[in-house]
Amino acid sequence: TFSVSANGCNNPVQQKTTVIVNPSPTMSINNITASICSGTAVNITLNSPTSGAIMRLTSVNYNGATGTLIAPQNYTPGSVITESLTNPTNNPIIVTYNFDVSANGCSTAGPFTTTVTVKPSPVFTITNASPQVCEGTQTDITLNTPTAGGQVRLDAVNYNGATGTLSAGALFTNGQKITEVLVNPT
C-alpha cells in the first residue's frame with residue numbers, strides 16, 4: 001500500500017499492488033528401467049508437484065545406441081517415456097537423458113538426469129575343427145562370444161548312441177574349447 005505527499009500536501013488516496021511469488025519448479029524422474037537388454041523399451045515417468053509444470057528433455061546422449069527421441073521435447077506431469085533402445089555393439093552402452101522444468105514463468109535447469117544402461121544382445125559362434133573323429137579321439141570345438149560377460153550354455157547334447165561326458169547346463173566362456181573323448185560302442 002502506497003500514499004503520496006509533496007510540499008506539505010497529502011493525497012488521501014492510497015494505491016495497492018501485489019506481487020505473486022511463484023515457487024521454483026521441481027521435478028522427479030522414476031526410471032524403472034535403469035538397465036535393459038538391447039531392443040527393450042525404457043519406462044521413465046516424469047512428475048512435478050509444481051502446478052502448471054512443463055518438463056523439457058534438453059538433450060539425450062545415445063553414445064552409439066539407437067533411440068527415437070529428439071530434444072527438445074516437452075512433457076507434462078505423469079508422462080512416460082517408452083522408446084526402445086538398440087545396442088549394436090558387444091559392450092554395454094549408457095544412454096543419458098537430461099531435463100529442465102518450468103512453470104508460471106519460472107524455470108529450474110536442474111540438473112535433472114537419468115541414465116539407462118543398454119546391454120548388448122549376446123552373440124556367439126561355434127568352430128568345429130574336427131566335425132568327424134575316430135573313436136577315442138578328442139573333439140575340437142571352440143565356442144566364441146565377443147559379447148562382454150557372455151557365457152555360452154549347452155542346452156542339449158545328443159550323442160546318437162555314442163557316449164561322452166557333457167550334459168545340458170554346462171557353461172562356457174569366450175574361446176573355451178570342448179575336447180571330450182567320444183566312444184562309439186557299435
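Residue numbers run from 1 in the order of the sequence given. Owing to the predicted nature of the structure, the values given are computational and were not obtained by experimental measurement. Basis for what follows: all heavy atoms, side chains included, without hydrogens, waters or symmetry-related copies.
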Exercise. Looking just at side-chain N and O atoms, do Ser38 and Asn87 make a donor-acceptor pair shorter than 3.5 Å?
Worked result: no
For this session: Tell me yes or no: between the side chains of Thr68 and Glu83, is some donor less than 3.5 Å from an acceptor?
Result: yes
Exercise. Between CZ of Phe112 and CZ of Arg56, what distance do you get to the nearest 0.5 Å?
Worked result: 12.5 Å
Of all heavy-atom pairs between [X] and [Y], which one has the smallest distance, and what is that distance?
{"X": "Cys106", "Y": "Pro23", "answer": "CB-O, 4.1 Å"}
{"X": "Tyr159", "Y": "Leu166", "answer": "OH-N, 2.9 Å"}
{"X": "Ala53", "Y": "Ala103", "answer": "CA-CB, 3.7 Å"}
{"X": "Thr117", "Y": "Ile94", "answer": "OG1-CG1, 3.8 Å"}
{"X": "Thr139", "Y": "Leu182", "answer": "CG2-CD1, 3.6 Å"}

For this session: Check the pair Asn31, Val116 against side-chain contact (heavy atoms from CB on, under 4.5 Å), reporting the backbone distance first and the verdict last.
Result: CA-CA 8 Å; Asn31 180 1; Val116 175; 3.6 Å; yes
Exercise. Quick one: salt bridge (charged side-chain N to carboxylate O under 4.0 Å, His left out) pairs with a partner in residues 166-186, sequence neighbours left out?
Worked result: Asp140-Lys177
For this session: Give a yes or no on this: more than 12 heavy atoms of other residues, nucleotides or ligands lie within 6.0 Å of atom CG of Leu171.
Result: yes
For this session: Assess whether atom CD1 of Ile36 is packed by more than 12 heavy atoms of other residues, nucleotides or ligands within 6.0 Å.
Result: yes
Problem set entry | Step-by-step side-chain hydrogen bond (donor to acceptor under 3.5 Å, both in side chains) determination, Thr45 to Asn30 | CA-CA 5 Å; Thr45 303; Asn30 183 17; 5.0 Å; no
For this session: May I have the step-by-step check of side-chain contact (heavy atoms from CB on, under 4.5 Å) for Met27 and Ile29, ending in yes or no?
Result: CA-CA 7 Å; Met27 69 175 285; Ile29 302 169; 3.8 Å; yes
Problem set entry | Derivation of the side-chain contact (heavy atoms from CB on, under 4.5 Å) call for Val80 and Asn43 | CA-CA 6 Å; Val80 180; Asn43 188 329; 3.4 Å; yes
Problem set entry | Steps toward side-chain contact (heavy atoms from CB on, under 4.5 Å) verdict (Asn174, Phe124) | CA-CA 8 Å; Asn174 184 41; Phe124 74 101; over 6 Å; no
